[in-house]
Amino acid sequence: MKKFSFFAMAILMMLTFGCATRSDIPMVENTAVSPDRVSAVNLRAGIVLPDENMVKTKVSGSYTETIPAGKQIRSMAKKYYPYAFSSAVVVPAGSFPESVDVLISTDIQDYSYEGVQVAAGFGLKFRLNLGVKAVITDRNRMTVWETSARSVKESRAVVSPVIPVETLKAEVLSAAMAECFRKINEDISLSGELQTYASNMKKQPAPSRPQYAQQQAAVVQQVTAKVGGGGYLGVNIQAISTERQTAVARYTAMLGRTRMGLAGVEVVGVAPSSPAERAGLHVGDIIADAGGTLVSSPEAFVNFINSQAPQSKLTLYVIRDNRPSYFDVVLASAADPKAPPVQQAVAQREPEKTASETDENLPPLREDAYAVVIGIDYGGRKDIPGLKYASADAQDVYNLLTDRRYGGIPKENTVLLLNENATRNSMVAAIRKIRTWDGYIYVYFSGHGAPITSGDKVTDAVIVPYDAVISDPDSLADTAVKISYLENMVDTSNAKGVMVALDACFTGSGKSITAKGGKPIVGMMAAPDLFRTTGSGRVIITSSAANQQSWEDDSEYRSGIFSHFFKEGLRGKAGKGVWVTINDIADYIKSNVAKTAFRLKGQEQDPQVVGSGDFTVGRNWEQYRLIDEETGRNKLKGLFEKGLINSTQLTKGLEELKKPVKSKLMDAFLKGRIDDKSFGELY
């Protein structure tokens, strides 16, 4: 078998499609394959089904193809999963009935069709490469187990175009889906991890609810509820130590779900019959984020809850036993006579610093580095679509850039503008600083963009401040910040290096808007130099191509997709060693955003990079620490070889180097504050 030649494929497409540029693959039930009998796991599963009308779309040039992902998954899940569990029933999306132990959801990861010529003339068949992922979660939305399955199937062969291409593709899709679900069922039945989880679940009693009255002995700081009755959650909280913050952040970073700069508050009491208890919050939980807003202190959290309207629904990002969870709560009214008259927060303690991460032990600040960070959700602007994560992403980026472990930028060298503070005047004032700063400059914006058009061409674009006027295109152009202005500041800057990262798009949809009476640019020709730089060390990274949308994600990252990988790059994942350069981050973003946007949204989002820069933006802190550990090991081995320490001391020292907190004696030795002989005598 050989792949079609371009000419043969073109003729085939003309015969089968005519001038059509869209192909909708129909739904075909696979009745020929029945599920294998497997050893069922002793769990009651709730099957979460996607929307019946959900499709996966692929665009290639002017040709668009959709497959009935929702219908196929619904059909296969109902057919196969009852064989994998002791019981399996379909449950409504967003619910978790008491009658089930876990939820299982399924999605198509990726797919690709390939036409294959099988005979002279127009004989053909289609080969499909399909990937499917299944995820099992518990009542707290924590992932218990997941697996992926892949199937490569071929359609039946035909020697004429009488049978529609869509029919062949539909048949092979159904066969491949059945094969993937068969493999998933087999993985479930053979998973020792799931069997252990099921066994432990049956042994454990229902979690007890700590009594609110037991917490009243705690010293508390009272914060009066909003006059007229704000939101009421029903928890006692206290600040958490820096040491615990670091431990939580380090653990959750491995899962890719942490928010850097995490402060958080610890739950020390849960009121009976309160929204907190109904949602399942426990004493010991750490609340890190509420409704997309980072929790910086007990007072800030209480004020935030008080500012919410009764019956508001919030999603809380919670760390429980060093693992992340999401809890949906519906707030009650603080004015309700059944609710206590005040929210309560344990008086905030001064956060403790670990011996290994005091300011003295961290790398020095980069005095020649500067940053402008802007994030706008547009809350309160009824004429501008709101965003969920823009300001939180900006706060995360700011925290990373100013963290001495990562970006190391002095806070006095930065400007942070969030939401209402990100007016046009304040943004222009901050961006003007780019021209005069003479070190390394990092600019980040998350919010809406908008196109400026002339006829059927895009002549410029803007990033949209909180106070922009969008009543007509001219007003928007006058009250927003033009990309051409930003580029001029970059090009004429005295800086050694400038990076601009824009998590916005300019299509008129997605993370973009159009003024009333304006046009979206989908289908238009964008100006070739819409994004440009001159000179070396000038880099602009945009979250998508000029005619594509930029996406936020609710399912996995709770962030802009571009911003998620930008932040991961700043944390060190983009670097090939200790130091992370702009080019490293650009490569990391380009290699991850496109495939993630297609996996999560079924849409294309291709970040664009203009210019090049090999200057540093941050460090990989874990790599940095490992190098420090290696240096320490070499120093100890040197002492042992000189006879200044014995084998017992060497073993003790090597073990201590692995710990995040080191003794004062070891710390002094590593920093050269004590000579080798004295260390050997004292250790």
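Residues Thr596 and Ile561 come closest through the heavy atom pair CG2-CG2, 4.1 Å. In plain terms, the two heavy atoms of Ala480 and Ile463 that are nearest each other are CB-O, 3.6 Å. Annotation for Ala504 and Ser544: closest pair O-OG, 4.3 Å, computed over non-hydrogen atoms. Shortest non-hydrogen contact noted between Val330 and Pro275 is O-CB, 3.3 Å. For Tyr466 against Gly379, the heavy-atom pair with the smallest separation is OH-O, 2.8 Å. The shortest non-hydrogen separation linking Ile409 to Ala371 is CD1-CB, 3.9 Å.
Each of Asp289, Asp393, Asp553 was checked for a salt bridge (Lys or Arg N to Asp or Glu O under 4.0 Å) with Arg558, and the lone residue meeting it is Asp289. Checking Arg599, Lys133, Lys56 one by one against Asp107, the salt bridge (Lys or Arg N to Asp or Glu O under 4.0 Å) holds for a single residue, Lys56.
Residues Met54 and Ile73 meet the side-chain proximity criterion, which asks for heavy atoms closer than 4.5 Å. Side-chain atoms of Ser274 and Tyr232, non-hydrogen and from C-beta on, do get closer than 4.5 Å to each other. Taking the side chain as every heavy atom from C-beta outward, Thr414 and Val373 never approach each other to under 4.5 Å. Between His282 and Val267 the shortest side-chain heavy-atom distance does not fall below 4.5 Å. Here the side chains of Asn425 and Asp467 are not in contact, with every heavy-atom distance at 4.5 Å or above. Within the 4.5 Å cutoff, the side chain of Leu570 has no heavy atoms near those of the Val580 side chain. Side-chain contact check for Leu600 versus Tyr557: some heavy-atom pair is nearer than 4.5 Å. At least one side-chain heavy atom of Leu281 sits under 4.5 Å from a side-chain heavy atom of Leu316.
In terms of the side-chain contact (heavy atoms from CB on, under 4.5 Å) criterion, residue partners of Ala468 (sequence neighbours excluded) are, by chain and number, Val464, Pro465, Leu476, Thr479. Applying the ring pair (Phe, Tyr, Trp, His ring centres under 6.0 Å) rule to Tyr442 yields no partners; only residues at least two apart in sequence or on another chain are considered. For Phe562, there are no ring pair (Phe, Tyr, Trp, His ring centres under 6.0 Å) partners two or more places apart in sequence or in a different chain. Residues that satisfy the side-chain hydrogen bond (donor to acceptor under 3.5 Å, both in side chains) test with Asp606, not counting sequence neighbours, are Gln548. With sequence neighbours excluded, no residue satisfies ring pair (Phe, Tyr, Trp, His ring centres under 6.0 Å) with Phe96. By the ring pair (Phe, Tyr, Trp, His ring centres under 6.0 Å) test, Phe445 is found to be paired with no residue, residues two or more places apart in sequence or in another chain being considered.
In the model, Ser391 has a side-chain atom that pairs as donor or acceptor with a side-chain atom of Asp377 under 3.5 Å. A donor atom on one side chain and an acceptor atom on the other are found under 3.5 Å apart for Asp554 and Tyr389. Counting only N and O atoms by type, the side chains of Ser563 and Asp503 include a donor and acceptor under 3.5 Å apart.
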Problem set entry | Criterion side-chain contact (heavy atoms from CB on, under 4.5 Å) on Leu233 and Phe301, from CA distance to verdict | CA-CA 11 Å; Leu233 178 60; Phe301 179 67; 3.7 Å; yes
For this session: List the steps and the verdict of side-chain contact (heavy atoms from CB on, under 4.5 Å) for Phe565 and Lys573.
Result: CA-CA 9 Å; Phe565 289 104; Lys573 287 192 175 183; over 6 Å; no
Problem set entry | side-chain contact (heavy atoms from CB on, under 4.5 Å) assessment of His448 paired with Ile376 | CA-CA 8 Å; His448 282 308; Ile376 314 174; over 6 Å; no
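Of the possible donor and acceptor atoms, one in the side chain of Arg366 sits under 3.5 Å from a partner among the backbone N and O of Gly407. Counting only distance, with no hydrogens or angles, the side chain of Asn413 and the backbone of Pro410 share no donor-acceptor pair below 3.5 Å. Remark: side-chain polar atoms of Lys567 are not paired, donor with acceptor, to backbone N or O of Ala394 under 3.5 angstrom. When atom types are taken as modelled, the side chain of Gln603 and the backbone of Gln549 share no donor-acceptor pair closer than 3.5 angstrom. Side-chain atoms of Ser333 do not come within 3.5 Å of backbone N or O of Pro310 as any donor-acceptor pair. Under a 3.5 Å cut-off, the side chain of Asn399 and the backbone N or O of Gln395 do form a donor-acceptor pair.
Put simply, CD1 on Ile374 and OG on Ser426 are 7.5 Å apart, with the number rounded to the nearest 0.5 Å. How far CG of Asp383 is from CD1 of Ile470: 4.0 Å, rounded to the nearest 0.5 Å. With values rounded to the nearest 0.5 angstrom, Tyr370 atom OH is found 9.5 Å from Glu412 atom CD. Taken to the nearest 0.5 Å, the CD1 atom of Ile287 stands 6.5 Å off from the CD1 atom of Ile237. With values rounded to the nearest 0.5 angstrom, Ile589 atom CD1 is found 9.5 Å from Ser543 atom OG.
The 12-atom threshold is not exceeded at NZ of Lys388, counting heavy atoms of other residues, nucleotides or ligands nearer than 6.0 Å.
Ion pair Glu98/Arg139 flagged as a salt bridge, since at least one NZ, NE, NH1 or NH2 atom sits closer than 4.0 Å to an Asp/Glu carboxylate oxygen.
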